[in-house]
Amino acid sequence: MIWATRTGCQVDRAACAWLIRRFIDPEATFIFVDDPDALPRDATPFDMRGVELSHHGGDCSFETFLSHYQLTDPVLCEIAQIVHEADLADERYDAPEAPGVEVLIRGLSLVRSDEELLTLTAPLFDGLYEVHRQAIASGRTPP
């Protein structure tokens, strides 16, 4: 599938792209648009104003994806809290990793294209997933 989002990726869009490729559509292709009205007809939009897979009811787009695709993996739910806090900083969750994740991705967005950002952040989210997966499996709190 072709997935479309706004240019200038930040943490929520990068996390959604990782989620899409890892758990929804491994062959996903991403396009970035400046004008939402210029979306190709065959593209599925996300993290854009007025689309289904975006912010709703105080949730970030990543949380909306989990709900929409009924992804109930507890590790993804923990990552959703991190992404939520990194994106919205509303203190809904206790996610101590959020400021670090946010500043790293924001910094990369200043020096890399959107496509490069998604490539560079995928291993970051893979690592975050693995740390939380191991912590949950062993009954520990993630570091």
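Residues L118 and F32 share a closest heavy-atom pair of CD1-CZ, 3.6 Å. Considering every non-hydrogen atom in both M48 and S54, the closest pair reads O-OG, 3.0 Å. Closest approach of C60 and D12 over heavy atoms only: CB-OD2, 3.5 Å. In plain terms, the two heavy atoms of A43 and I31 that are nearest each other are CB-CD1, 4.3 Å. Across P45 and L53, no two heavy atoms sit closer than the pair O-CB, 3.9 Å. Between L128 and I79, the shortest heavy-atom contact is C-CD1, 4.2 Å.
Using modelled atom types and a 3.5 Å distance limit, the side chains of E116 and T119 yield no donor-acceptor pair. Using a 3.5 Å distance cut-off with no hydrogens or angles, the side chains of E97 and H132 do pair a donor with an acceptor. Side-chain atoms of E130 and Q134 form a donor-acceptor pair, as typed in the model, at a separation below 3.5 Å.
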* Apply salt bridge (Lys or Arg N to Asp or Glu O under 4.0 Å) to the pair D126 and R22, showing each step before the final yes or no. => CA-CA 9 Å; D126 285 339; R22 177 104 188 250; 3.0 Å; yes

* Pair V33-L39, side chain to side chain contact (heavy atoms under 4.5 Å, CB included): steps then yes or no -> CA-CA 7 Å; V33 298; L39 285 173; 4.0 Å; yes

* Do R92 and D59 pass the salt bridge (Lys or Arg N to Asp or Glu O under 4.0 Å) test, and can you show the C-alpha distance, the side-chain angles, and the key distance before you say yes or no? -> CA-CA 10 Å; R92 180 190 290 182; D59 288 346; 2.8 Å; yes

* Checking side chain to side chain contact (heavy atoms under 4.5 Å, CB included) for the pair F125/I105: CA distance, chi angles, key distance, verdict? -> CA-CA 11 Å; F125 287 108; I105 294 174; 3.7 Å; yes

* Asked: For E78 and I136, what are the C-alpha separation, side-chain angles and deciding distance, and is it a side chain to side chain contact (heavy atoms under 4.5 Å, CB included)?
  -> CA-CA 10 Å; E78 294 220 0; I136 289 171; 3.9 Å; yes

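Between Y129 and W18, the ring planes are tilted. Angles from 30° to 60° get that label. The aromatic rings of W3 and F65 sit tilted relative to each other, their planes meeting at an angle between 30° and 60°.
In this structure the side chain of R112 reaches within 4.5 angstrom of the side chain of L120, judged on heavy atoms. For the pair D94/Q81, no side-chain contact is recorded, criterion being any heavy-atom separation below 4.5 Å from C-beta on.
Proximity of a side-chain donor or acceptor of S67 to a complementary backbone N or O of T64 within less than 3.5 Å is not detected. Counting only distance, with no hydrogens or angles, the side chain of D47 and the backbone of S61 share no donor-acceptor pair below 3.5 Å. Side chain of R133 to main chain of V75: no donor-acceptor pair is present (N/O by atom type, distance under 3.5 Å, no hydrogens or angles). Between the T121 side chain and the L124 main chain, no donor and acceptor come within less than 3.5 Å of each other.
Between R13 and D87 no salt bridge is recorded (no basic side-chain N to carboxylate O distance below 4.0 Å).
Hydrophobic clustering places L71 together with F46 (ILVMFWY residues linked when any side-chain heavy atoms are closer than 4.5 Å, directly or through intermediates). In the hydrophobic cluster analysis, where Ile, Leu, Val, Met, Phe, Trp and Tyr join through side-chain heavy atoms closer than 4.5 angstrom, V11 is grouped together with L108. A continuous path of ILVMFWY side-chain contacts below 4.5 Å connects V83 to I24, so both sit in one hydrophobic cluster. There is no path of hydrophobic side-chain contacts, each under 4.5 Å, that joins L104 to V101.
Taking CG from L66 and CG from L19, the interatomic distance works out to 5.5 Å, rounded to the nearest 0.5 Å. Distance CZ/F30 to CE/M1: 10.0 Å, rounded to 0.5 Å. The distance from the OH atom of Y93 to the CD atom of E85 is 8.5 Å, given to the nearest 0.5 Å. Atoms SG and CD1, on C77 and I82 in that order, are 11.5 Å from each other to the nearest 0.5 Å. The CZ atom of R21 sits 8.5 Å away from the CG atom of D25 when rounded to the nearest 0.5 Å. Interatomic distance, CG of D114 versus SG of C9, reported as 4.0 Å (0.5 Å rounding).
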